[in-house]
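Have a look at the structure below before the remarks.
Just so you know, these numbers use all the heavy atoms, side chains as well, and skip hydrogens, waters and symmetry mates.
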Number of protein chains: 2
Amino acid sequence: MSTRTTTQITIAQAAERSGLSAHTLRYYERIGLIHPVGRGENGHRRYGRDDLEWLELLTKLRTTDMPIRQMVQYAELVREGPHTAARRRAMLEDHRDAVHAQMTALEEIAAVLDHKISMYTEMENNT
Amino acid sequence: MSTRTTTQITIAQAAERSGLSAHTLRYYERIGLIHPVGRGENGHRRYGRDDLEWLELLTKLRTTDMPIRQMVQYAELVREGPHTAARRRAMLEDHRDAVHAQMTALEEIAAVLDHKISMYTEMENNT
DNA sequence: GTAGACGTTCGAGCGCGCTCTAAGTCAAGG
DNA sequence: CCTTGACTTAGAGCGCGCTCGAACGTCTAC
C-alpha cells in the first residue's frame, strides 16, 4: 500500500513556485478556479503536485488573456469528470484560435513599429 | 494659397472609422492622448486626416497592450516637437521588444495547447 | 416652433483581476 | 509566559480602461 504523501507544500511555497501571490491563490480557490485544496491538521492549505500543475495551466491561460470566467468554466468541466472531455477540448481549441489571432495581430503591428522606428532613425541621420 | 479644408469629419464618423466609441474619443482627448482636436463653428469636434492616423497608431499600441500612461507620454513627446524624436524612437523600440516577448510567450503556449488538445482527441478515440 | 438627432461638458459608475486589511488561530522559540 | 510569524476568514479597496448618465446646446425637417 502506497501512502499518498505527494510532496505537500504550504501556500507560501506554492506562491513562490507558481509566481502567484498567496492572496491570489486563495482568491482563485474562492472563485472556483482551483478545486478546494487539501488541508493539514492545523487547517492550513497543502498543495500537491496536481495543484501545481493546474496552476501552471492557469497561468498559461491567463498570460494569453483567457478571461477568468472562461477558466472557471473549464475548471468546472474538469470537476464534472471525464465525460466533459469533448467540451473541454472545444474550449481549448477556441482559445488556441484566439491565441493564433492574437499572434497574427502582434506580428502585423511589430512590422508597423519597425517601420516607424526606421523612419525615426532616418530622420536622426538626415540632420 | 491652399485653404486647409482636409476632410473634416464628425465625432460619430471618426468613431466608426477608428472603431472606438465617441465616448472613448472624448475620453482620450481629456487625458491628453489626442491633441485637442479642431472645432466647427458650432463648437463640435472636427476630425481630420492626421487625427485619424493618430488614432490608428493609438489603437495599434493599445491592442499590443501598451499602457495608456505610456501612450500619453508618447503623445506629449510628439507635442513637444521634433527634438524629442530620439526619445520617441526609444519608446517604440522598447514597446517593439515587449511585443516580441509577447509573441514568444504566445507561441510557446499555443504549442502547449496543441499538445493538450491532441491528448484530448486521443482520449476520445481510445474509448 | 417643435421634434428628434446629434453634439457638448462634467462627473459618476462599472467590470475585471487582483490586492490588501482586520481580526483571529496556532506552533515554535527565547 | 509571551512574542513572532505563518497561516486562516470575510470583506473592503484599488488601478485600469473605459462607459454611461444628466443636463444642456445646436441643427434640420416638418
Summary of protein contacts for nucleotides 15-24 of chain C, nucleotide by nucleotide, where a base hit scores B, a sugar-phosphate-only hit scores S (4.0 Å, heavy atoms): --BBBBB---

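Between A/Glu76 and A/Thr84, every side-chain heavy-atom pair lies at or beyond the 4.5 Å cut-off. In this structure the side chain of B/Val37 never reaches within 4.5 angstrom of the side chain of B/Ile11, judged on heavy atoms. Counting heavy atoms from C-beta outward, B/Tyr120 and A/Leu92 have side chains that approach closer than 4.5 Å.
Remark: P of D/dC7 and CG of A/Leu25 are 11 Å apart, rounded to the nearest angstrom. Whole-Å rounding puts the B/Leu55 CG to D/dC18 P distance at 12 Å.
More than 12 heavy atoms of other shown residues, nucleotides or ligands fall within 6.0 angstrom of atom CD in B/Glu80.
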Please tabulate, for the side chains in residues 100-117 of chain B, all donor-acceptor contacts under 3.5 angstrom to protein atoms that are two or more places apart in sequence or on a different chain.
residue  : atom : partner  : partner atom : Å
B/Gln102 : NE2  : B/Thr64  : O            : 3.4
B/Thr104 : OG1  : B/His100 : O            : 3.0
B/Asp114 : OD1  : A/Arg96  : NH1          : 2.9

For nucleotides 24-30 of chain D, give me every protein contact, N/O to N/O, under 3.5 Å, one pair per line with atom names.
none

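Within 4.0 Å (heavy atoms only), A/Ala12 reaches sugar-phosphate atoms of the nucleic acid but no base atom. The residue A/Arg45 sits close only to the backbone: its heavy atoms come under 4.0 Å of sugar-phosphate atoms, none of a base.
Residues that satisfy the side-chain contact (heavy atoms from CB on, under 4.5 Å) test with A/Arg17, not counting sequence neighbours, are A/Ile9, A/Leu52. Residues forming a side-chain contact (heavy atoms from CB on, under 4.5 Å) with B/Asn42 (at least two apart in sequence, or on another chain): B/His44, B/Arg46.
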Can you give the dot-bracket line for DNA chain D, using ( ) for pairs inside the strand, [ ] for pairs that cross earlier ones, | for pairs with another strand and . for unpaired bases, where Watson-Crick and G-U count if both distances are under 3.5 Å? ||||||||||||||||||||||||||||||

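In this structure, CZ on B/Arg62 lies 9.0 Å from CG on B/Leu33, to the nearest 0.5 angstrom.
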